[in-house]
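Proteins come first, then strands; the chains are lettered A, B, ... in the order of their sequence lines, and each starts at number 1. Just so you know, these numbers come straight off a predicted model, no measurement behind them. Basis for what follows: all heavy atoms, side chains included, without hydrogens, waters or symmetry-related copies.
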Amino acid sequence: MSEEILIAPGVYYYPEYFDRLLQETLRDEILSHANNLGWFQPTLPRWGTPFSVKMFNFGSLGWVSDKSGYRYQPTHPDSGTKWPPIPIHLLRLWSSLRKRFDRLERGFDKSATDTQDSISDNQNDTFDSPEACLINYYGSNAKMGLHQDRDEQDLSAPVISVSLGDSALFRIGTAERKGPTQSLKLHSGDVLMFGGSARLAFHGIDRIYPDTSSLLSEGGRINLTLRRVTKPAAKIF
DNA sequence: AAGTCACT
DNA sequence: AGAT
């Protein structure tokens, strides 16, 4: 496992989790699908004001927003096409860090169960695989105001996010809008995970630092967020 | 208000 | 630039 840094209760930072080769693999898979089916531009409920970021999704359910509201749906809002499957490297990331999070939350010592800490898949993982992978593309002037991820029925699983491309200034606070915040500079390949007491923490992107990465030829930043949406089915032995 | 702008 |  790469370095693990506790930012706040329930907020974990893994700098340089993905090496350059894996970043390139993820980039290629994301861009081929998103450019093929098309990015969509989310708009604010009621007002219809467009976001500055472009979006796309992988997985059985994708997050979308328009005048009707925020919601998860299995199809692209423009074409009605089903979202492509979540890339294998992201499923592995989820499997690994989701287990890690449970142990950290339950207060277990890592060494006690380390031999079980495999990133390999097995049938028991299906019940807890990520259903949604939202992809946000930030141009050099794009921002994302402070908000909560609260459109999921199941808030017990953490949110896991991956940064690709240009660096960004990320800010995260508490579950209260007026709570104190901390800023963190995220770089290409970094992973951030927040859940438990931080699952409803307000967070956002204050700015993108242009030309700080060569990963994306057109510049900008791609952020991937893996989430559980529906209540997981009961595990039966 | 997952926006945009303002102020310290 | 960075924090709010």
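One finds no side-chain N or O of Thr181(A) lying less than 4.0 angstrom from the OP1 or OP2 phosphate oxygen of dA3(C). Listed pair Tyr209(A) / dG2(C) meets the phosphate criterion, a side-chain N or O lying under 4.0 Å from OP1 or OP2.
You'll find the side chain of Arg98(A) stays beyond 4.5 Å of the side chain of Leu226(A), heavy atoms only. Side-chain contact between Ser65(A) and Leu44(A) is absent, with no heavy atoms from C-beta onward closer than 4.5 Å.
Atom-to-atom, CZ of Phe170(A) to P of dG2(C) comes out at 16 Å; the value is rounded to the nearest Å. The nearest whole Å value for the distance from the NZ atom in Lys143(A) to the P atom in dA6(B) is 12 Å. For the pair Ile172(A) CD1 and dT4(C) C1', the interatomic distance rounds to 16 Å; values are reported in whole Å. Residue Arg171(A) contributes atom CZ, which lies 14 Å from atom P of dA2(B) at whole-angstrom precision. Computed from coordinates, the Asp206(A) CG to dT4(B) P distance equals 13 Å when rounded to whole Å. For the pair Met144(A) CE and dA1(B) P, the interatomic distance rounds to 15 Å; values are reported in whole Å. Atom-to-atom, CG of Asn136(A) to P of dG3(B) comes out at 11 Å; the value is rounded to the nearest Å. Rounding to whole angstrom units, CD of residue Glu152(A) and P of dA2(B) are separated by 13 Å.
No more than 12 heavy-atom neighbours from other residues, nucleotides or ligands sit within 6.0 angstrom of CD on Glu16(A).
Trp83(A) and Phe40(A) have tilted rings, their planes meeting at an angle from 30° to 60° on a 0 to 90° scale. Ring geometry, Trp63(A) versus Tyr70(A): the interplanar angle falls from 30° to 60°, so the pair is classed tilted. A tilted orientation is assigned to the rings of His147(A) and His203(A), their planes being inclined by 30° to 60°.
The residue Asp151(A) sits close to a base: some heavy atom pair falls under 4.0 Å. At a threshold of 4.0 angstrom between heavy atoms, the contacts of Pro45(A) with the nucleic acid are absent. Residue contacts for Arg46(A): at a heavy-atom cut-off of 4.0 Å it reaches no nucleic acid atom on any strand shown. Residue contacts for Arg177(A): at a heavy-atom cut-off of 4.0 Å it reaches the sugar-phosphate backbone alone, with no base atom in range.
The listed nucleotides are dA1(B), dA2(B), dT4(B); the one nearest the side chain of Ser52(A) is dT4(B). Here the side chain of Phe51(A) is nearest to one of dA1(B), dG3(B), dG2(C), namely dG3(B).
Comparing the P positions of dT8(B) and dT4(B) gives a spacing of 23 Å, expressed to the nearest Å.
The stretch residues 64-78 of chain A has no heavy atom under 4.0 angstrom from DNA chain C at all.
Legend: residues meeting side chain to side chain contact (heavy atoms under 4.5 Å, CB included) with Ser217(A), ordered by chain and number and at least two apart, are absent.
The distance between the ring centers of Phe58(A) and His33(A) falls below 6.0 angstrom.
The nucleotide dC7(B) finds no pairing partner, because no Watson-Crick or G-U wobble arrangement with both distances shorter than 3.5 Å includes it.
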